[in-house]
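These numbers come from a predicted model, not from an experiment.
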Amino acid sequence: MTAPPTPAGPLRVPLHRGWVVASMILFWPLAIAAVLAANRAAAALGAGDTPTAEREARAARGHARLGVLIGGVWTGLALTFDIALVVLGVQHGPAVLEWLGRPTPPAQSAETSTAAPAYRSAAAPERDPIAVDPLRLQVGDCFMVPSGDGFVGDVDVIPCSRPHDGLVVSVTEHAYDEFPGTAALDDGVWYDCESRYRAYTGRPLGEVAPLWVLHPDAEDWRTGERSSVCYIEALYPEEGEFSEHPQVLLPRPTS
């Protein structure tokens with residue numbers, strides 16, 4: 001006597017839901033087609049229609065795999081493009097801004113940037129002066145203040161061991177996009193200028209003091225000059241630090 005047949009288990013057809021989910025993340029248009037095909041496969045499987053279920057399952061897998069492939073390639077290209085934009089922005093950003101009409105501050109020449117700090121020391125009195133645009137003066141630079149009509153052209157930065165009556169105590173960079181006018185520049189620079197003067201001389205700033213500020217004008221602003229230079233003008237030329245000769249810090253008498 002033979003044993004009765006064992007009831008068959010439920011039909012199993014893989015629906016590839018993992019591929020479908022990945023496709024939804026990377027490329028949803030094909031993921032929709034994959035979901036619809038997977039739903040049809042599940043319905044056919046429930047109805048016992050194995051051939052239809054297998055066919056729709058294969059279709060779902062094909063749509064999902066293609067979506068993953070397209071989405072992966074697209075993501076890789078987008079990432080490469082973003083990296084290229086960052087690299088180009090770092091390398092060519094200033095040139096692009098200048099081409100668009102927003103000038104960037106001109107870089108200092110190698111002569112000025114490397115040689116000027118050496119002139120703040122008394123150790124090199126034999127060196128020649130360096131011609132510097134007044135708006136490019138740096139903190140600690142010593143020079144002779146022009147007489148007459150004021151600053152016209154370059155000034156000579158000299159070793160502070162030589163007689164000089166000008167000493168830069170602060171340089172303030174302004175963040176305005178458009179030229180704001182001299183009054184606004186004064187408001188933005190005077191606190192820093194006064195505090196640096198007090199720190200250098202050890203004395204408060206009186207109502208009349210030998211402290212002056214050079215501001216860029218509208219034309220300077222268009223060429224990228226955005227710094228104000230605060231300097232002390234001594235009563236007469238002196239060698240070395242003005243702080244060691246307090247008598248030169250008296251204001252010039254008015255005529």
Q: Any non-hydrogen side-chain atom of L211 less than 4.5 Å from a side-chain atom of W190?
A: yes

Q: For residues 155-178, pull every pair meeting ring-ring contact (aromatic ring centres under 6.0 Å, His included), keeping only residues two or more places apart or in separate chains.
A: H164-F242

Q: In terms of side-chain heavy atoms, does H215 have a donor or acceptor partner in T182 at a distance below 3.5 Å?
A: no

Q: Between the main-chain N or O of V189 and the side-chain N or O of D192, is there a donor-acceptor pair closer than 3.5 Å?
A: no

Q: Within a strict 4.5 Å, meaning less than it, do heavy atoms of the E239 and P163 side chains meet?
A: yes

Q: Are any side-chain N or O atoms of D133 and backbone N or O atoms of D154, one a donor and one an acceptor, separated by less than 3.5 Å?
A: no

Q: Could you tell me whether a side-chain N or O of D187 sits under 3.5 Å from a main-chain N or O of A184, the two making a donor and an acceptor?
A: no

Q: Less than 4.5 Å apart, any side-chain heavy atom of V157 and any of L137?
A: yes

Q: Should Y191 and V171 be counted in the same cluster of Ile, Leu, Val, Met, Phe, Trp and Tyr side chains packed under 4.5 Å apart?
A: no

Q: So which heavy atom on P216 is nearest to which on L185, and how close?
A: O-CD1, 3.8 Å

Q: Taking the side chain as everything from C-beta on, heavy atoms only, tell me whether Y236 gets closer than 4.5 Å to E238.
A: yes

Q: Grab the two heavy atoms, one from G188 and one from T172, that are nearest each other, plus how far apart they are.
A: O-CG2, 4.2 Å

Q: Considering only heavy atoms from C-beta outward, does the side chain of T201 approach that of P246 to under 4.5 Å?
A: no

Q: Could you measure the distance from the CZ atom of R203 to the OG atom of S243? Nearest 0.5 Å is fine.
A: 10.0 Å

Q: Are L135 and S227 packed together at the side-chain level, in the sense that at least one heavy-atom pair is separated by less than 4.5 angstrom?
A: no

Q: Do you know which two heavy atoms are closest between P146 and V155, and how far apart they sit?
A: CG-CG1, 4.2 Å

Q: How about L167 and Y200: do any of their side-chain heavy atoms sit closer than 4.5 Å?
A: yes

Q: To the nearest 0.5 angstrom, please state how far the CG atom of D141 sits from the CZ atom of F143.
A: 8.0 Å

Q: Taking the six-membered ring for Trp and the single ring otherwise, decide whether the centroids of Y231 and Y197 are under 6.0 Å apart.
A: no

Q: Is it true that atom CD of E178 has more than 12 heavy atoms of other residues, nucleotides or ligands lying nearer than 6.0 Å?
A: no

Q: Is there a side-chain contact between F179 and R222 in this structure, where contact means two heavy atoms from C-beta onward sitting under 4.5 Å apart?
A: no

